[in-house]
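A quick write-up on the structure given underneath.
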Amino acid sequence: MLEHLARKWTRKEKQPDSGMDASGKIPVHVAVIMDGNGRWANLRSLPRVAGHRAGMKTVKEVVKAADEIGIRYMTMYAFSTENWKRPRDEVDFLMRLPQEFLSTELDELIDRGVRIRMLGSRDKLPAHTLEALLIAEERTRENTGLQLNFALNYGGRDEIVKAFMEMAAQVQAGLLDPSKLDEKEISRHLYTSEIPDPDLLIRTSGEIRLSNFMLWQLAYTELWFTDVLWPDFTREHFYQAIAEYQGRARRYGAV
Ligand code: FPP
């Protein structure tokens with residue numbers, strides 16, 4: 001544990017000049033829409049899946065960068081409930097990525113004290129994808145460092161529908177009083193029930209939309225968009241986003 005902290009401190013001093021204050025306000029939870037893999041590959045006349053593989057390397061870098069400055073939660077949008085509409089080959093490839101990522105990275109992540117969670121619907125996921133994630137969740141369950149959430153087969157509306165179905169069933173069974181329904185109760189039924197709402201959302205590739213990502217949780221999140229395509233996104237870009245976050249005043253509707 002001490003070694004882990006010592007490593008963090010040494011690296012903190014070596015931050016590149018992104019304008020970030022490493023001892024300033026660091027977001028607790030950062031959510032990321034990793035967009036632009038396909039365009040990155042097209043620009044190089046490569047198949048789209050080459051972009052996803054390059055994007056996986058960026059995931060490694062950004063997770064390391066987040067850990068080094070003490071971010072507590074990272075949520076990465078890896079596959080949406082709408083992504084099933086993509087060509088079969090691409091879907092198959094994306095479904096193999098968690099396994100590939102974890103087979104090379106899990107030991108190092110465990111070393112760093114990272115906890116892995118999957119957020120999303122388990123229906124329709126191939127057995128090998130689900131198994132890789134369940135094993136990673138199990139092996140990292142007790143870890144107290146950065147929590148790395150993969151939003152996989154995740155849809156914000158789907159998550160809210162599921163929450164309401166659960167609550168409706170509880171009302172019907174007499175376990176939930178509908179007059180007591182409030183925001184906290186709804187939050188308790190989301191995939192993120194034990195996770196604070198994101199402080200910062202990053203979306204790459206120049207698209208300025210939420211694409212059905214964490215619709216409930218992003219209510220007061222600071223949004224940061226960049227034209228950089230996800231495979232080209234570096235720790236310097238990440239720290240630039242944090243620097244901009246540090247300059248924002250969050251008022252939550254107050255003055
Ligand atoms: C969007 O880019 C990206 C995705 C749908 C997949 C994101 C997945 C990764 C970055 C790899 C995930 C890694 C792990 C470890 C699970 P796009 O394909 O829509 O890009 P485009 O808009 O340029 O076509």
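Note that ligands are numbered from 1 as they come in the structure, with each ligand's atoms numbered from 1 the same way.
- A perpendicular orientation is assigned to the rings of Phe238 and Phe233, their planes being inclined by more than 60° (bins at 30° and 60°).
- Contact between Ala65 and Tyr239 at its shortest, heavy atoms only, is O-OH, 2.8 Å.
- Looking at Glu236 and Thr234, their side chains do bring a donor and an acceptor atom within 3.5 Å of each other.
- The two residues Ile26 and Gln246 come nearest to each other via the heavy atoms CD1-NE2, 3.9 Å.
- Interface of Gly38 with ligand 1, defined as ligand atoms under 4.0 Å from a residue heavy atom, comprises 17 (P), 18 (O), 20 (O), 21 (P), 23 (O), 24 (O).
- What sits closest to atom 22 (O) of ligand 1 on the protein, heavy atoms only, is Arg39 NH2, 2.9 Å.
- In this structure, atom 9 (C) of ligand 1 lies nearest to the protein heavy atom Asn37 ND2, 3.7 Å.
- Between the side chains of Trp216 and Ser187, at least one donor-acceptor pair of N or O atoms lies under 3.5 Å.
- For atom 24 (O) of ligand 1, the nearest non-hydrogen atom of the protein is Arg48 NH1, 3.0 Å.
- By the 4.5 Å side-chain criterion applied to Ile, Leu, Val, Met, Phe, Trp and Tyr, Trp40 is assigned to a cluster that also includes Leu43, Leu46, Leu229.
- Contact analysis leaves Met76 out of contact with ligand 1, as no non-hydrogen atom separation drops below 4.0 angstrom.
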Tell me, with the steps shown, if Glu68 and Lys64 meet salt bridge (Lys or Arg N to Asp or Glu O under 4.0 Å). CA-CA 6 Å; Glu68 286 168 18; Lys64 243 188 241 173; over 6 Å; no

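- Remark: ligand 1 atoms within the under-4.0 Å shell around heavy atoms of Asn83 are 5 (C).
- A donor atom on one side chain and an acceptor atom on the other are not found under 3.5 Å apart for Glu194 and Gln147.
- Close approach of ligand 1 to Phe101 is summarised as follows: ligand atoms under 4.0 Å from at least one heavy atom of the residue are 15 (C).
- Near Trp230, meaning under 4.0 Å from one of its heavy atoms, ligand 1 places the atoms 10 (C).
- Residue Arg86 has at least one nitrogen or oxygen atom sitting less than 3.5 Å from a nitrogen or oxygen atom of ligand 1, judged on distance alone.
- Ligand 1 lies within reach of Ala78, whose nearest heavy atom is under 4.0 Å from it.
- Against a heavy-atom cut-off of under 4.0 Å, Leu97 is close to the following atoms of ligand 1: 11 (C).
- By the 4.0 Å heavy-atom criterion, Glu105 is excluded from the residues contacting ligand 1.
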